[in-house]
Amino acid sequence: MQTPNLPTIVLITEETLDIDSLLARITLPSTGASVVFTGVVRGVTSRGRPRQTTRLEYEAYPPMAEEKMRQVAEEIRRKWPSVEGIAIVQRVGNLEVGAPTTVIACTAAHRDTGVFEAARYGIDRLKEIVPVWKKEIGPGGEEWVEGLYHPEPGE
Amino acid sequence: MQTPNLPTIVLITEETLDIDSLLARITLPSTGASVVFTGVVRGVTSRGRPRQTTRLEYEAYPPMAEEKMRQVAEEIRRKWPSVEGIAIVQRVGNLEVGAPTTVIACTAAHRDTGVFEAARYGIDRLKEIVPVWKKEIGPGGEEWVEGLYHPEPGE
Amino acid sequence: MNRVKILLFATLRDYVGARALELDLPPGATIAALEDLLIARYPRLEKVRGSMMAAVNRQYAADEQIIPENAEIAFFPPVSGG
Amino acid sequence: MNRVKILLFATLRDYVGARALELDLPPGATIAALEDLLIARYPRLEKVRGSMMAAVNRQYAADEQIIPENAEIAFFPPVSGG
């Protein structure tokens, strides 16, 4: 680990996400900016196959998911060394429309040193390599969602 | 107003910022993603003139600040029509190191339709045209911070 | 005469020593004329003459703008919020 | 024989009807061989043969990887979190 003193939080949880307290935990005395991405359970989808969703059921392979989240955080630190704190949290279980499902938060001294790009990269990579799956439950029945990305061995 | 049903929150406040509840208020049934920028009181600055800061004192011209925040929100909607909800909040008063000072939050159906760029634009514009000023208080005394941008008449 | 309310913020408030003033201006006075009048009355403002921003009724104003009746004028340094 | 623990997630768990299995494999068996064995035993897996992901001890694994002693193997569809 090259960055032993910088806070990194990775977590799979069934609890409601608390962005304010996550941010406080990744804020250093040198922090002046943070960017947070959240996923949200979408009740009405118009892109692709238009549909309604009642809730999402999330399932994870927790120990591997947390290892892969830690890997995403390390990739962020390599690409944007100015990032100070990182939190990557995925909520699992039954989530209702409007509920935040995931949080990717990055802090830095200033807003112009990659903190927006780092958060964007974090959610993109989470959706590629972190073993979490969701099932959409709607008026027409239920269906597992499948991603498109096939990680390389060892990725 | 072209977008009467989309939530827009603009606020100057002395209260602690509550990101989770702000996000809930700008989340629609069609929302699947949100991006939040926060400014934070930085205690240790290394860029430019290195210095320590004990706290920041923020002052606003509230009615004009809220008008200009509303203008920033309208500019965001023109540039990124896929943005659904917008919250622009500036905290004023005495803020201690580590405290979030401002929140720019944007929601959208998906993460790839400009929601990151919209939040970035929001904080950049807030720092250009919203009449708020801060005084840095540190071990060496206190000093008003001056921005660099000179808005055009009517901007 | 045209009675205007003048609000001052940040350094400008410190230099003037007041948050607000009321002044009677001749009809047709411009922002530039009001700035000159304030600087004459509060000489510490001289050093921020080049960077003073003006707003008329909560909109950024040009130096040559004529001040309307019963206007709310604000003078302040370039903003530094966030 | 090499006793391995196999974890199944999402659609694959539904098709197999179990979250976890334990199997004895001949030494030197590969991930591909284990996939064939599972598909033979649970024919509904045939339709996801092309998209099954495998992890060995919590790392993504290649088809040709030889399964180590006492490994924790997981099979699952492409991830869809977030």
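A note on names: the letters A, B, ... follow the listed sequences, proteins ahead of strands, and every chain is numbered from 1.
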Next on the checklist: Can you confirm whether more than 12 heavy atoms, excluding those of D/R3, are under 6.0 Å from its CZ atom?
Outcome noted: yes

Next on the checklist: Between A/G154, A/P153, A/G39, who has the most heavy-atom pairs with chain D when the cutoff is under 4.5 Å?
Outcome noted: A/P153

Checklist outcome for this item: Of all heavy-atom pairs linking A/K134 and D/G81, the shortest is NZ-O, 3.7 Å

Next on the checklist: Is A/A60 in contact with chain D via its backbone, its side chain, both, or neither, using a 4.5 Å heavy-atom distance?
Outcome noted: backbone

Checklist outcome for this item: Under 4.5 Å to a heavy atom of chain D? For A/I123 that would be side chain

Checklist outcome for this item: Filtered by a 4.5 Å non-hydrogen cutoff, the part of residues 48-73 of chain D contacting chain A is D/G50, D/S51, D/M53, D/A55, D/R58, D/Q59, D/Y60, D/A61, D/A62, D/E72

Checklist outcome for this item: When A/L56, A/V145, A/V132 are each screened for side-chain contact (heavy atoms from CB on, under 4.5 Å) with D/S80, the one that passes is A/V145

Checklist entry - Which bit of A/E152 is near chain D, if near means a heavy-atom gap under 4.5 Å: side chain, backbone, both or neither? => result backbone

Checklist entry - Is any side-chain heavy atom of D/F76 closer than 4.5 Å to a side-chain heavy atom of A/P131? => result yes

Item to check | Donor-acceptor contact below 3.5 Å, side chain A/E146 vs main chain D/V79 | outcome: no

Checklist entry - Do side-chain atoms of A/W133 reach the backbone of D/F9 as a donor and acceptor pair under 3.5 angstrom? => result no

Checklist entry - Which one, A/L148, A/I129, A/T101, leads in non-hydrogen pairs under 4.5 Å with chain D? => result A/I129

Next on the checklist: Looking at D/G82, is its backbone amide N or carbonyl O close enough to the side chain of A/Y58 to form a donor-acceptor pair, meaning the two atoms are under 3.5 Å apart?
Outcome noted: yes

Checklist outcome for this item: Rounded to the nearest 0.5 Å, the CG atom of D/L7 sits from the CE atom of A/M64 at a distance of 11.0 Å

